[in-house]
Visitor: 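Right, I'll just put the structure down here and ask away after.
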Amino acid sequence: MNPQQLGEAVGNGLLSLDSRIENFNIVKGFLNLELKKSYWNHLLSEIANNESFGVSKYDEKSENVIIEYPSPNTNKPLHLGHLRNIFLGFSLSRILEANGHKVYQVCLYNDRGTNISKSMLAYLRSEKKLTPESSGIKGDKLVGDYYVAYNELSKKALEELKAQGLSEEEAKKQNPLEKEIADLTVRWEAGDEEVVALWKTMNGWFYEGVEQTYKMLDLKFDKFYYESDVYNLGRQTVKEGLEKGVFFQKPDGSVWIDLTDVGLDEKLVLRSNGTTVYITQDIALAYQKQKDFEFDRSIYVVGNEQDYHFKVLFEILRRLGMKASDKLYHLSYGMVELPTGKMKSREGTVVDADDLIEDVIKIAKETANEQGKLSEVDESKKEEIYKQIGIGALRYFILKVDPKKKMIFNPYESIDFNGNTGPFIQYIHARTQSLLRNAVQMGLAIDVHEEENNNYTPNQKESQLIRWIAQFPLVVNEAGTMYSPALIANYVYELACLFSNFYHDYKVLKEEDTHARQFRLLLTAQTGRTIQKALYLLGIEAPERM
RNA sequence: GGCCUCGUAGUUCAAUGGAUAGAACGAAAGUUUCCUAAACUUUAAAUACAGGUUCGAUUCCUGUCGAGGCCA
């Protein structure tokens with residue numbers, strides 16, 4: 001039997017079995033099925049009558065999912081890279097909820113160590129001893145300023161040493177500031193009151209500042225973890241691991257795990273002096289999270305420069321026999337680079353998160369004013385819409401890219417409001433809402449009953465649109481299993497394009513055939529609803545007008 | 001040096017191993033007495049290179065070149 005004959009046979013079989021099929025044809029070894037026109041009316045009504053379309057309910061298949069992001073260091077304010085992290089974590093939380101899971105969002109603050117010591121030292125050395133209150137500077141920015149000040153102090157000290165004839169390396173070794181940092185860190189670990197008090201104060205500034213940024217982005221965490229709480233944990237786990245034979249001890253007393261059989265290395269988990277290392281803390285935190293949330297799945301949103309670290313961590317947890325250790329996932333995303341390359345704080349090329357947010361809102365406002373939009377909306381509402389559009393543009397721009405891939409962001413050009421952008425999709429949504437408002441004014445009600453709509457035969461653009469809307473639940477599912485908000489972004493852009501196309505070619509409210517008008521109103525309502533739901537999953541607001 | 005990503009129009013991004021590689025920005029031309037022109041319609045423009053597997057490869061494998069990352 002050749003492909004043509006096989007196709008005929010299968011096609012004829014399906015034709016007799018499924019009443020929804022109108023006809024079929026065979027092209028280049030592909031069997032294409034043509035559905036009956038009435039099928040589309042039926043499908044549209046079904047979607048319209050489904051309250052929870054695209055959203056799964058919590059049931060026996062649902063999981064407790066814990067997702068950790070963006071886990072900043074407390075010595076520097078958030079930048080563009082954190083924004084990608086935040087947008088991904090936030091969107092993925094919503095996507096997993098839509099898949100029926102219970103999602104807990106947590107944030108780990110890396111609040112100790114040499115970085116914050118540097119900011120503290122610069123503060124102690126400064127003459128003015130500025131605080132957020134005295135300076136009016138946002139807390140996280142101020143701590144960051146001190147961090148930068150430290151680097152300048154350090155650079156100056158190095159140059160002085162080099163002027164005395166020391167080599168680069170020797171100067172680094174002898175840098176008195178490095179010793180002071182080490183000293184501060186030791187005093188902090190010993191619980192020195194003065195140091196701990198300053199540490200608390202400066203971290204406090206940071207939290208106050210960064211939480212303003214979180215609020216701007218609608219982030220709400222279920223729990224905050226602090227490195228200072230977990231850094232000393234993990235010894236007990238190491239001990240148990242030794243007893244189980246998962247770890248082994250070297251003659252100097254240090255504890256290791258041998259992962260060479262799975263292509264990784266030998267990894268240190270406890271130093272010979274009994275202090276923990278980074279990964280020991282992560283092991284401890286994993287157990288802490290299990291205790292706190294009894295998760296079935298645990299997701300870490302962390303950049304891809306830590307791929308190796310997470311491979312090792314997950315392998316260790318697996319061997320320790322932690323519950324749900326087969327459901328650990330590192331959502332590894334690529335770096336955000338500038339056209340000039342990587343962001344470097346030393347070269348002052350870091351794009352600050354707050355500044356960027358402020359800029360995009362400003363651009364949204366200017367664009368709206370230029371085009372004379374929103375003239376009939378009152379002032380406070382306008383500001384809210386500018387914010388929704390600006391931040392929507394930023395979120396969409398970053399989320400539409402496959403998380404795994406590194407992306408290039410040009411602060412001056414990337415935020416566009418035309419084309420494949422957040423505002424375009426928001427605009428199409430606003431149009432649907434405008435149509436529906438006008439329909440109400442004209443006294444037209446939308447009828448979702450199938451039999452009413454059956455009197456109309458959808459054209460090709462309409463059936464295409466319905467077909468695409470019907471895909472939505474599948475896409476939500478796919479985005480969840482692939483951990484990829486980009487799939488939702490691509491989906492909703494296509495949806496907006498299809499509607500825009502339909503809207504351009506056909507009248508809705510001015511259509512004289514009442515059956516067609518009713519049908520199109522229902523289609524408009526369902527398109528609007530689906531765009532709104534998809535944007536919600538991306539963390540993007542859908543304004544009623546713009 | 002070892003390991004891990006990645007390489008698609010001028011630029012930024014798409015494409016479960018499937019049909020003529022799809023958009024957007026930018027470039028060129030056009031659409032407004034018509035439900036929002038942040039829109040719509042045309043045109044030009046791309047799979048780094050060389051092999052292999054397959055009926056079929058942007059996708060999988062090998063090598064070369066190039067970019068980035070992790071480890072020492």
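In the text below, chain A, chain B and the rest are named by the order of the sequence lines, each starting its count at 1. Scope of the values below: all heavy atoms of this structure, side chains included, with no hydrogens, waters or symmetry mates.
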Visitor: May Phe30(A) be described as stacking on the base of A19(B), applying a 5.5 Å centroid limit and a 30° limit on plane angle?
Guide: yes
Visitor: Contact class for Ala430(A) vs. all strands (heavy atom < 4.0 Å): base, sugar-phosphate, or nothing?
Guide: base
Visitor: Under 4.0 Å between any heavy atoms, over every strand shown, what does Lys373(A) touch: base, sugar-phosphate, or nothing? Just pick one.
Guide: base
Visitor: Assign Ile408(A) to base, sugar-phosphate, or nothing according to its heavy-atom contacts below 4.0 angstrom with the strands shown.
Guide: sugar-phosphate
Visitor: Using the closest heavy atom to pick a nucleotide of RNA chain B for each, name whichever of Ile385(A) or Gln306(A) lands nearer the 5' end.
Guide: Ile385(A)
Visitor: Checking all strands, does Val508(A) fall into the base, sugar-phosphate, or nothing category for heavy-atom contacts under 4.0 angstrom?
Guide: base
Visitor: Which part of the nucleic acid, if any, lies within contact of Leu264(A), taking any heavy atom under 4.0 Å across all strands shown: a base, the sugar-phosphate backbone alone, or nothing?
Guide: nothing
Visitor: Looking at every strand, decide which applies to Asp402(A) at a 4.0 Å heavy-atom threshold: base, sugar-phosphate, or nothing.
Guide: sugar-phosphate
Visitor: Across the strands shown, which category fits Tyr506(A) at heavy-atom distances under 4.0 angstrom: base, sugar-phosphate, nothing?
Guide: base
Visitor: How would you label the contact of Ser434(A) with the nucleic acid (heavy atoms, under 4.0 Å): base, sugar-phosphate, or nothing?
Guide: base
Visitor: Just call it for Asn501(A): base, sugar-phosphate, or nothing, with non-hydrogen atoms closer than 4.0 Å on any strand.
Guide: sugar-phosphate
Visitor: Closer to the 5' end of RNA chain B via nearest nucleotide, is it Leu31(A) or Tyr493(A)?
Guide: Leu31(A)
Visitor: Would you say the ring centers of Phe502(A) and Phe499(A) fall short of 6.0 Å from each other?
Guide: yes
Visitor: So, Phe314(A) versus Tyr300(A), ring centres under 6.0 angstrom or not?
Guide: yes
Visitor: Defining pairs by Watson-Crick or G-U wobble geometry with both distances under 3.5 Å, how would you list the stems of RNA chain B with at least three pairs each?
Guide: B:1-7 with B:65-71, B:10-13 with B:22-25, B:27-31 with B:39-43, B:48-52 with B:60-64
Visitor: If you count every heavy atom of other residues, nucleotides or ligands that lies below 6.0 Å from Arg318(A) atom CZ, does the total exceed 12?
Guide: yes
Visitor: Answer with yes or no whether the side chains of Asp307(A) and Ser332(A) bring together a donor and an acceptor at under 3.5 Å.
Guide: yes
